[in-house]
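I have placed the structure first, in the form of structure tokens, so that the comments after it can refer back to it.
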Amino acid sequence: MATKLSDNHIKLAIQKDGRLTEDTHNLLRTVGLHFESYKQRLFSICRNFPMDILYVRDDDIAEYVAEGVVDLGIVGRNLVVESEKPVEEIMPLNYGHCSLKVAVPADSGIERIEQLSGCKVATSYPVTTTRFFAERNVDVNVITISGSVEITPALGVASGIVDLVSTGSSLRLNDLVAIDDVLDSQSIVIGNRDSLANSHKSAIIERLLTRFRGVITASEYKYVMMNVPTSALEYISTIMPGLKSPTVLPTADVEWMAVHTAIHEDMFWDVIEELKTLGAQGILVSSIEKMFV
Ligand code: PRT
Ligand code: ZN
């Protein structure tokens, strides 16, 4: 009998083959979902969770979610904004980071977007670009290009571009410099509004989101174990901005205590340096796969 999608399952659309695919698969596997995935597949059925996964072009995900073809999608925020589809932005996933930027030839002398007034600007994001310039009262002629936008200034097609940038090497390679930010983006979960209002579906969606939150929160923390001089313990406890009080355990030597805690990445190095000066020794750091707080 042919495998088919189940009516009792929620449906999630993800990018079939592109920049977000590997990280999305990793996330789904890290939250414990078991499913087969082969390049030629159109969909997979999770063996241990009531969800089916559809593999599609990223450009179609917002539309499929808005139309209720699927209940959830994982896609770059840039495409959700550009599509203007009525979907719920549910959760950022902390990968696929990039920004949509205005860039111009490095030797153009253009430093501000106002200097592009009356000029052609090439982009694959015409809706977002048009809105960006209109909101700033800069009158440009937006030219829609489906790919290789960064070569259009050299071809004489446009004076500037609006394109996605992550490392910036593509801009440098084409002698372009960014002069303004249009939009920050990362991979996000989007949801169909009717599905979110449906009690059966929303319960399954919430179970999945709880798992995602556990992985995303964990990615922001490091687990730290160390020995600290007993005399310094009280002060050390106050500088460790863990989630709760650190776990303190006695060691074979009464002069030393073992301390375990989770430290947020934003303050990680500052705290480690201060701990060293306060006499902490044998500091072991490990990443955390999942964390529920
Ligand atoms: O086939 P399908 O339609 O599904 O995929 P696609 O080819 O349209 O999209 P894909 O896989 O290239 O990108 C998917 C999503 O990844 C985008 O919608 C963004 O949300 C996100 N993303 C993150 C990026 C980048 N980083 C990125 N750097 N998308 C594109 N780029 C481009 C950039 O424009 C430049 O041309 O990659 C090139 C290299 O960038 P630099 O700055 O690192 O040099
Ligand atoms: Zn695409």
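Counting starts at 1 for both ligands and their atoms, following the listed order. Computed over heavy atoms, backbone and side chain alike; hydrogens, waters and symmetry mates excluded. For reference, positions follow the sequence shown, starting with 1.
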Practice item. Could you list the atoms of ligand 1 found under 4.0 angstrom from a heavy atom of D163? Key: 34 (O)
Review point. V182 versus Y125: any side-chain heavy-atom pair under 4.5 Å?
Key: no
Check your understanding: Heavy-atom distance to atom 8 (O) of ligand 1: which of L100, D23, D58 wins?
Key -> D58
Review point. Which protein non-hydrogen atom lies closest to atom 1 (O) of ligand 1, naming both residue and atom, and how far is it?
Key: R57 NE, 3.2 Å
Check your understanding: With atoms numbered from 1 as shown, which atoms in ligand 1 lie under 4.0 angstrom from a non-hydrogen atom of G76?
Key -> 20 (O)
Exercise for review: Please answer: with hydrophobic residues joined when any side-chain heavy atoms are less than 4.5 Å apart, are L164 and I145 in the same cluster?
Suggested key: no
Practice item. Look at atom 32 (C) of ligand 1 and say which protein heavy atom is nearest, naming residue and atom and giving the distance to 0.1 Å. Key: R19 NH2, 3.4 Å
Review point. Atom 5 (O) of ligand 1: which of R77, K16, Q15 has the nearest heavy atom?
Key: Q15
Check your understanding: So do L28 and F212 actually touch side chain to side chain, heavy atoms under 4.5 Å?
Key -> yes
Exercise for review: Kindly indicate whether a cation-pi arrangement holds for R211 with F292, taking the cut-offs as under 6.0 Å to the six-membered ring centre and within 45° of the axis.
Suggested key: no
**Study point:** Nitrogen or oxygen of T167 less than 3.5 angstrom from that of ligand 1
**Key:** yes
Check your understanding: Can you tell me which residue and heavy atom of the protein come closest to atom 34 (O) of ligand 1, and the distance to 0.1 Å?
Key -> L164 O, 2.6 Å
Check your understanding: Would you find a donor on one side and an acceptor on the other, under 3.5 Å apart, between the side chain of Q115 and the backbone of R112?
Key -> yes
Check your understanding: Quick one: do V177 and V149 end up in the same hydrophobic cluster if we chain Ile, Leu, Val, Met, Phe, Trp and Tyr together by side-chain heavy atoms under 4.5 Å apart?
Key -> no
Practice item. If the plane angle is over 60° it's perpendicular, under 30° parallel, otherwise tilted; pick one for Y55 and H25. Key: parallel
Practice item. Any atoms of ligand 1 less than 4.0 Å from a non-hydrogen atom of G96? List them with their elements. Key: 23 (C)
Check your understanding: Out of G168, S170, S99, whose heavy atom is nearest to atom 42 (O) of ligand 1?
Key -> G168
Review point. What residue and heavy atom of the protein are closest to atom 40 (O) of ligand 1, and at what distance?
Key: S166 OG, 3.8 Å
Review point. In D58, the N, O or S atom nearest to the Zn ion (ligand 2) is which?
Key: OD1
Review point. Which residue supplies the protein heavy atom nearest to atom 21 (C) of ligand 1, what is that atom called, and how far is it?
Key: C98 SG, 4.0 Å
Practice item. Look at atom OH of Y64 and say whether more than 12 heavy atoms of other residues, nucleotides or ligands are closer to it than 6.0 Å. Key: no
Review point. With a 4.0 Å cut-off, strictly under, does atom 44 (O) of ligand 1 pick up any protein heavy atom?
Key: yes
Exercise for review: Measure L20 to ligand 1 on non-hydrogen atoms and call it side chain, backbone, both or neither using the 4.0 Å cut-off.
Suggested key: side chain
Review point. Any idea which atoms of ligand 1 are less than 4.0 Å away from a heavy-atom of G18?
Key: 11 (O)
Revision key, fill the gap. Answer key: the N, O or S atom of D59 nearest to the Zn ion (ligand 2) is OD1
Check your understanding: Considering only heavy atoms, which of N78, V80, V165 lies nearest to atom 20 (O) of ligand 1?
Key -> N78
Practice item. Look at the side chain of S44 and the backbone N and O of I53, then say whether any donor-acceptor pair between them is shorter than 3.5 Å. Key: no
Practice item. Using a strict 4.0 Å threshold on nitrogen-to-oxygen distance, state whether E114 and R136 make a salt bridge. Key: no
Practice item. Verify the cluster assignment for I74 and L72: are they in a single hydrophobic cluster under the rule of side-chain heavy atoms below 4.5 Å apart? Key: yes
